[in-house]
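So the structure is just underneath, and the comments pick up after that.
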Number of protein chains: 2
Amino acid sequence: MRKILTNTKTKNQFKDFLLTQGLKSTRQREIILDEFLRAGSHLSTEDLYLRLRKGNPHIGYATVHRTLKLFAECGIAEQRHFGDGQARYEASDCDEHHDHLICVVCGKIVEFEDPRIEELQLEVAGAHGFTIERHRLELYGCCLECRQV
Amino acid sequence: MRKILTNTKTKNQFKDFLLTQGLKSTRQREIILDEFLRAGSHLSTEDLYLRLRKGNPHIGYATVHRTLKLFAECGIAEQRHFGDGQARYEASDCDEHHDHLICVVCGKIVEFEDPRIEELQLEVAGAHGFTIERHRLELYGCCLECRQV
DNA sequence: CGTCTAATTGAAAATGGATTTCAATTTAAA
DNA sequence: TTTAAATTGAAATCCATTTTCAATTAGACG
Ligand SMILES: [Mn+2]
Ligand SMILES: [Mn+2]
Ligand SMILES: [Zn+2]
Ligand SMILES: [Zn+2]
């Protein structure tokens, strides 16, 4: 129920974006958004493209790529880079920000949020005369499961 | 004086690395290391290649690329990615770690270190069952100079 | 409804940094 | 020296991303 409401909100946000930008609502864009919301987070373009192909073999890679960029542009998705050379996308949880723990053994990605770190970042930036627009914090290590084998 | 001593230490570290790995000390590797230490930090392969070309037009891009990777492998340099799609390298300051503030307007990169943040990172990772191997913290914003125009 | 124009699509090509190939050269051990 | 292995550099390849372009489609307007 919560998820469905969120998805509806996200879909509306995308529709509004298309309208205000003079862009068109297409079957492909709807299908891609549906699958993007259904799939888990942190997918690469390739990931999403392959998932889509199963039910929609006609959708091209370029369209998936362009649509993901539209999602990011309109704020319903965020692009991430975890150092494996390919961009990943995840749905934006409204205005909530989070950072990532990445297991270098199994690839698992855990999200976290720590207001104390965020606060210190602001302080450090201020001390150097910077205003922060965005940041990126990734902790690479080994997860519990991978240490137990 | 300080710099010269540090450079000597770095060069020795590289020489030792080559020896222990059964690799060879070559004229190109010496020239590339000299120029790498002379040039400022956060250079891309292209940056270093272009600098080298001025005095050593015979050195190839592939050699610069391979040599920078060797530097990173032996611990005298670290590879960084600041989101512009190309790898950058900087000399390792012994075992001191630092993070980066990046001005999105002029591209300036400021280094900082905050033990409180590092400590909190460990705490957060521990709370999720992770041990940290390395991390990456980049603050993107606007520097003082760029805000004053 | 059609008509029309601009946006969209998808296959293929282009891009660009990173990496590899390979024949010629160089290092350094024997 | 001689010799085997490592290195070099130009060119080729890789691979994710981005662009091109002709065909198709959305949707505004009458
Ligand atoms: Mn996430
Ligand atoms: Mn640095
Ligand atoms: Zn793991
Ligand atoms: Zn600036």
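Naming: A, B, ... by sequence-line order, numbering from 1 per chain.
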Taking NZ in A/Lys15 as the centre, count heavy atoms belonging to other residues, nucleotides or ligands within less than 6.0 Å. Is the count above 12? no
Rounded to whole Å, how long is the line connecting atom [atom1] of [X] with atom [atom2] of [N]?
| X | N | atom1 | atom2 | value |
| --- | --- | --- | --- | --- |
| B/Arg53 | D/dA10 | CZ | P | 10 Å |
| A/Lys69 | D/dT17 | NZ | C1' | 8 Å |
| A/Gln28 | D/dT25 | CD | C1' | 9 Å |
| B/Leu18 | D/dA6 | CG | P | 13 Å |
| A/Asp84 | D/dC15 | CG | P | 14 Å |
| A/Lys15 | D/dG27 | NZ | C1' | 14 Å |
| A/Glu73 | D/dT18 | CD | P | 12 Å |
| A/Arg66 | D/dT20 | CZ | C1' | 10 Å |

Whichever of B/Arg27 and B/Gly85 has its nearest DNA chain C nucleotide further upstream toward 5':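 The 5'-side residue here is B/Gly85.
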Would you mind telling me which residue lines up with the more 5' stretch of DNA chain C, B/Ser25 or B/Ala87, judged by nearest nucleotide? B/Ala87
With side-chain hydrogen bond (donor to acceptor under 3.5 Å, both in side chains) as the criterion, how do A/Glu90 and A/His42 come out once you've worked through the C-alpha distance, each side chain's angles and the decisive distance to 0.1 Å? CA-CA 5 Å; A/Glu90 66 176 323; A/His42 314 121; 3.1 Å; yes
Classify the nucleic acid contact of A/Ser44 as base, sugar-phosphate or nothing, counting any heavy atom under 4.0 Å across all strands shown.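 Nothing, no heavy atom under 4.0 Å.
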How would you give the extent of chain A contacts on DNA chain C, as first and last nucleotide 5' to 3' within a 4.0 Å heavy-atom cut-off?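 First-to-last contact on DNA chain C, by the 4.0 Å heavy-atom rule, is C/dA6 to C/dA11.
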Verify, without hydrogens or angle tests, whether B/Glu35 (side chain) and B/Leu48 (backbone) share a donor-acceptor contact under 3.5 angstrom.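 Such a contact is absent between B/Glu35 side chain and B/Leu48 backbone.
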Can you tell me if A/Arg147 uses its side chain to pair, donor with acceptor, with the backbone of B/Gly129 under 3.5 Å? yes
At under 4.0 Å, does any side-chain N or O of A/His65 touch on OP1 or OP2 of D/dT17?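 No, because none of the side-chain N or O atoms of A/His65 sits under 4.0 Å from OP1 or OP2 of D/dT17.
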Residues B/Tyr89, B/Gln79; criterion side-chain hydrogen bond (donor to acceptor under 3.5 Å, both in side chains); working and verdict: CA-CA 5 Å; B/Tyr89 292 84; B/Gln79 196 186 55; 2.9 Å; yes
Regarding A/Asp47 and A/Ser44, do their side chains bring together a donor and an acceptor under 3.5 Å, going by distance alone? yes
Any side-chain donor paired with an acceptor under 3.5 Å for A/His135 and A/Gln121? yes
